[in-house]
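One structure is given here, and the rest of the page talks about it.
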Amino acid sequence: MTEMKTDTTETTAVSLKLAELFRRLRPDPQDLVLYSAFIILIIAFSLLSPVFFSATNFQNIGRQTAMVSIMAVGMTFVIVSGQIDLSVGSIVALSSMVAAMAMRDVGGGWVTGALVALSVGALTGFVNGALTNWLKIPSFLVTLGTLGVARGIALLLTDTRPVIVNEPRYQRLFGDGHFFGIPAPIFWTIIIVVVGIMWLQRTVFGRKVYATGGNAEAARFSGIAVNKVRIIALTLSGLTAGMAGMIFSARAHAARPVIGEGMELDVIAAVILGGTSLFGGKGTIVGAFIGSLIIGVLNNGLNLTGVPSAAQLALKGVLIIGAVAFGRR
Amino acid sequence: MKIKKIGSGWGIVRLVLLATVFALGAAACSSGDPINAPRVESDSAPAQESDSAPAQESAAPVLGIDAVVPAAGLGPDGVIGQGPNGESAASLADLALTDDEIQQAKDGGFEVGIVMHVQNLDWSKLQINGITATLAEFGIEVVAVTDAGFLVEEQIADIEDMIQIAPDAVISIPVDDTATAPAYKQIAEAGIKLVFMDNVPRGLEYPTGYQSMISADSQGNGAIAAEVLAEYVPDGGKIGIIEFGIDFFVTNERVIGVENWLGANRSDINVLKADFLHPDDALATAENFLTKNPDLDGLFVVWDAPAMDAVAAARTLGMEIPITTIDLGLEVALNMAQGGLIKGLGAQRPYDQGVAEAYAVANSLLGKETPAWVGVLSLPVTPDNVMEAYREVFKQDPPQELRDACAANAGCTD
């Protein structure tokens, strides 16, 4: 009898665990729409274009979406915490320009490049956060300002000229090379997405980000340093923009002061498409990543099927609105 | 629920550390070389094999990817394009001034304003320098230079402000050719002479609405790009054209130049097309285009920065494909000097265009008849003359990195 009892307890424990697992796996309707849209697009383009469904082309999509996917991780922290960051496109330009100049003029190869790009990105993000919180200016306005300031500085640095990146190791590590057969931009995207997921969804800090965006007053009363959370979120966004800048300059073998104009909108679109609420408190990094991939698959698939780029733009807009609208039901 | 406090400073430090650890880890891995070298090296490292024999010899003498087309003899003899209303081109020689006329200009105490679409481009700066230096020789002062930041409404305001300043003449490049037209009409109505760079807004009549338009020979530039590219394309081969998806006079003319040259000289070549709407999209467009058409024998990209994106796309896909373009920027110059995939281009001469604009203004201020369109001759550039061409276009010595790259590559002459 005792044995039976143990068995039953164990069975119950196992079934409870399974139930918990199913509960966790069962996505909410919006996620379901998102994943379905993603799969339907892949099937549709595979039928429409003979070259779409191939390893080479999936690598293309991964590379083409790497910058937006990486920035979408930082942007998710920002939007979930109830803020917005419009400056990421300009930070891409500024951080990659300064990094390229540092590699050229200071030396130190890729280490200098990586440290400078990430530091400039993080610092600009920190300034966004500090101004937002200390001067009590909404992040929309602060980052609208730094959008101009960062772009302006990037353009002024070299009188608008590009800076050549002549560091083969930097080019390979962040652009042209492979890690275990995975193209470098995709490898870094995966790393950053995974770190982002762990941090936002599995740590105390992550819960503070949700709490801050959900209801800042309540969060403050429960002892959360709301300002600090917001500053860190914007700093992270700057940091991921710095990383995106590295990916671009490593691939292009040059940093250009005009790169990333309007890219903030692609990043925000990916995050929102992925189910993050523009009003904060809700959203996931997986969603943002899938959102970015959906936009990438659309771009790539419409290109491969020969749709003119003006029509592509309109179609993309319609599909984004459609996906978000259906997801809300 | 009790939430543990984590200092934000520590959070940032932790992330920076994390990033550093990842980067260091990657470096450690690279010594074991799990990072594969890119399959195409030729346009990243200085090419060591640029003097090697052409890779293939077909019936027609087709150049190998490492071969260099000599710059001498390339390109049309004169300006081949037409003005916006089908005018044939006048040249700088048609605008020459006698010593008496220059003295007359100096005695006139004329003032000129410049209304730019955007100033922070090498192209704009070289134009302004050419204009200012030349007008100074005629004793004509540039009193104001405006920058519309590519915005139509800003440019309309700039034009209205300029009319208030009331110089004797205005030199301008319109941001767009429709919405700015009414504002430009007011310039003539205010009795101010008007000379355009590159484009004439719709509805402005020569010579009452404006006195002259000076532009590069975009078709001539296209012809040069086609001529160089064709050297690498076998009989019956296939090339791609990556164009700007927006209806824009200059880029349209460039593509027409390429197509006309091919039609007249290499009608055996098949042409496929792709386009992009924003320069940031050029890399993905090129990558997708090359993935869809891996058998292309060559690529023409409508200007230099997107052409460098096409180089990155080809490198990623492991394709060695000759690419030509238009406009000489630092990146394409360096790529050519290194023996990379950019095989040649047609270059504008913005400084010389500025000189021609200054002459046109001086002519009109002296009451002389000015030609409706002045075309500035294109400059053919290949690795053979890239250093000389850089000096010619930028009116300054090439930067050190360009000189170093050229010195390391036998295919580049300095």
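Within every chain, numbering begins at 1; the chains are lettered A, B, ... in the order of the sequence lines, protein sequences first and strands thereafter.
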With a sphere of 6.0 Å drawn around CZ of F249(B), does it hold more than 12 non-hydrogen atoms of other residues, nucleotides or ligands?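 Atom CZ in F249(B) is packed in, count exceeds 12.
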Under a 4.5 Å heavy-atom cutoff, which of S49(A), A184(A), S54(A), G260(A) has the most pairs with chain B?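 Of the options given, most contacts go to G260(A).
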Measure the [atom1]-[atom2] distance between [X] and [Y] for me, rounded to the nearest 0.5 Å.
{"X": "N166(A)", "Y": "Q338(B)", "atom1": "CG", "atom2": "CD", "answer": "6.0 Å"}
{"X": "I164(A)", "Y": "L402(B)", "atom1": "CD1", "atom2": "CG", "answer": "8.5 Å"}
{"X": "D280(B)", "Y": "M263(A)", "atom1": "CG", "atom2": "CE", "answer": "5.0 Å"}
{"X": "Q59(A)", "Y": "E287(B)", "atom1": "CD", "atom2": "CD", "answer": "9.5 Å"}

Do you know which of [options] has the most heavy-atom pairs under 4.5 Å to chain A?
{"options": "P279(B), A305(B), G329(B), P399(B)", "answer": "A305(B)"}
{"options": "N293(B), D309(B), D281(B), N288(B)", "answer": "N288(B)"}
{"options": "L330(B), L277(B), L283(B)", "answer": "L277(B)"}

Chain B neighbours within residues 295-304 of chain A, where any heavy atom lies under 4.5 Å away: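 Under the 4.5 Å heavy-atom cut-off, N299(A), N300(A), N303(A), L304(A) qualify.
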Please name all residues satisfying ring pair (Phe, Tyr, Trp, His ring centres under 6.0 Å) with Y210(A), sequence neighbours left out, ordered by chain then number.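 Y210(A): no ring pair (Phe, Tyr, Trp, His ring centres under 6.0 Å) contacts found.
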Using ring pair (Phe, Tyr, Trp, His ring centres under 6.0 Å) as the criterion, list what pairs up with F248(A), not counting sequence neighbours.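 F248(A): no ring pair (Phe, Tyr, Trp, His ring centres under 6.0 Å) contacts found.
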[X] versus chain B, the contacting section by heavy-atom distance below 4.5 Å:
{"X": "L313(A)", "result": "side chain"}
{"X": "R161(A)", "result": "side chain"}
{"X": "Q312(A)", "result": "neither"}
{"X": "N227(A)", "result": "neither"}

Within a strict 4.5 Å, meaning less than it, do heavy atoms of the R315(B) and H253(A) side chains meet?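 With C-beta onward as the side chain, the pair touches.
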Side chain, backbone, both or neither of A274(B) within contact of chain A (heavy atoms, under 4.5 Å):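 A274(B) has no heavy atom closer than 4.5 Å to chain A.
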With only heavy atoms counted, which part of K125(B) is less than 4.5 Å from chain A, the side chain, the backbone, both or neither?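 Looking at K125(B), just its side chain touches chain A.
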For R104(A), which residues count as a side chain to side chain contact (heavy atoms under 4.5 Å, CB included) partner, sequence neighbours excluded?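 Counting only residues at least two positions away or on another chain, R104(A) forms a side chain to side chain contact (heavy atoms under 4.5 Å, CB included) with M101(A), V163(A), E401(B).
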Consider only side-chain N and O atoms of R63(A) and T316(B), and report whether a donor and an acceptor are under 3.5 Å apart.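 T316(B) and R63(A) do not have a side-chain donor-acceptor pair below 3.5 Å.
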Tell me yes or no: between the side chains of T291(B) and N57(A), is some donor less than 3.5 Å from an acceptor?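 T291(B) vs N57(A): no donor-acceptor pair found between side chains.
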Closest approach of [X] to [Y] (non-hydrogen atoms, all atoms of both residues):
{"X": "P162(A)", "Y": "E331(B)", "value": "CB-OE2, 3.4 Å"}
{"X": "A312(B)", "Y": "A252(A)", "value": "CB-CA, 4.3 Å"}
{"X": "S309(A)", "Y": "G245(B)", "value": "OG-CA, 4.5 Å"}
{"X": "T160(A)", "Y": "L121(B)", "value": "OG1-CA, 4.0 Å"}

